[in-house]
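For reference, the structure discussed in these notes is given below.
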Amino acid sequence: MSDEKSPVLHVYDGIEEHDNQLPNWWLAILWTTLVFGAGYWFWYHIAEAGPGQLGEYAAESAEHAQRMASNTPASDELLLALVKDPTSLESGKGVFQANCAACHGAQGQGLIGPNLTDGFWLHGSAPMAIHKVVAEGAVAKGMPAWERTLGAERVKAVTAYLLTLKGTNAPGGKAPQGEPETP
Ligand code: HEC
């Protein structure tokens, strides 16, 4: 599209170069993007008023990790990770007080059931060994199976809580039973 009024700046091989005014729609888009860009930069990078791309990514990753953990079958790694999660330990402690303290004592020092705070274990001291006896019980010996009643999440949480009781040697504890814990 050639504009009659715009001056010819340069001719080469019959091709004319004009200095046309940029169309207004084009200028409108240019100015809008510049203003938007400056606003965006100020909002997210200077004022840090919004979470920004990295923040949103981190939030979504954390949510994803949480969803994964709640669907993940128990493993030594997962149980040890739960030991570092205050929410899970808090819930595990609640589960223990409500369901286990009657037989194992409020500090885990042992009553009808064995002391869970000494270094001795009847069924093994590894996170998954403890998880197994909590989930499946030792029914013939008087330890109920808990997975059905409590569900997988609470069994994982209470197992993580037991891992924090290990070696606390609660006062007035029941005499050791089983084998000493091997490091
Ligand atoms: C009715 C009493 C009773 C209740 C309630 C009970 N336990 Fe036990 N628990 C026992 C007895 C008895 C044993 C010992 C089993 C054996 O001799 O093999 C035991 C063993 C255990 C062991 C294995 C200890 C070792 O030395 O290897 C763990 C871990 C355990 N209980 C955790 C729990 C948790 C967690 C709860 C609550 C969710 C719970 N118990 C509730 C009676 C109970």
Side-chain angles (χ1 to χ4, degrees), residues 43-45 47-183:
W43 186 259
Y44 286 107
H45 295 275
E48 290 182 4
Q53 287 178 0
L54 289 178
E56 275 180 20
Y57 177 73
E60 272 179 37
S61 301
E63 206 185 296
H64 177 71
Q66 237 164 35
R67 265 203 309 275
M68 288 298 290
S70 61
N71 294 325
T72 308
S75 64
D76 285 347
E77 294 73 33
L78 181 73
L79 293 168
L80 291 171
L82 291 180
V83 170
K84 298 191 188 113
D85 174 13
T87 324
S88 171
L89 289 183
E90 196 53 44
S91 127
K93 185 176 184 179
V95 171
F96 186 85
Q97 295 308 333
N99 302 282
C100 323
C103 289
H104 289 282
Q107 325 304 322
Q109 76 276 21
L111 280 170
I112 302 159
N115 189 336
L116 301 173
T117 67
D118 59 14
F120 290 80
W121 298 88
L122 292 160
H123 296 273
S125 61
M128 278 308 281
I130 297 174
H131 182 271
K132 186 175 196 295
V133 66
V134 176
E136 298 169 16
V139 183
K141 300 281 179 58
M143 164 67 180
W146 292 99
E147 184 114 303
R148 270 250 199 104
T149 341
L150 297 178
E153 284 326 296
R154 280 182 286 179
V155 168
K156 282 187 260 179
V158 77
T159 304
Y161 175 66
L162 292 187
L163 293 174
T164 68
L165 296 186
K166 248 189 188 186
T168 55
N169 291 305
K174 202 176 170 186
Q177 291 165 272
E179 301 295 318
E181 173 163 6
T182 44

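We count ligands from 1, going down the list as the structure has it; atoms in each ligand are counted the same way. Residue numbers count from 1 along this sequence.
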Short list, please: which atoms of ligand 1 are under 4.0 Å from a heavy atom of [X]?
X	value
N99	5 (C), 37 (C), 41 (C)
P144	3 (C), 4 (C), 6 (C), 7 (N), 43 (C)
L116	24 (C), 28 (C), 29 (C)
V133	22 (C), 23 (C), 28 (C), 29 (C)
C100	34 (C), 35 (C), 36 (C), 37 (C), 38 (C), 39 (C), 41 (C)
K141	12 (C), 15 (C), 16 (C), 17 (O), 18 (O)

What angle sits at atom 8 (Fe) of ligand 1 between NE2 of H104 and SD of M143, to 10°?
180°
Proximity flag G178 to ligand 1, non-hydrogen atoms under 4.0 Å:
no
Contact with ligand 1 for A102, non-hydrogen, under 4.0 angstrom:
no
Is there a donor-acceptor contact under 3.5 Å from the side chain of [X] to the main chain of [Y]?
X	Y	result
N115	G110	no
E147	E136	no
K132	H123	no
Q109	Q107	yes
K174	H104	no

Per side-chain contact (heavy atoms from CB on, under 4.5 Å), L116 is matched among L162, T168, L163 by L162
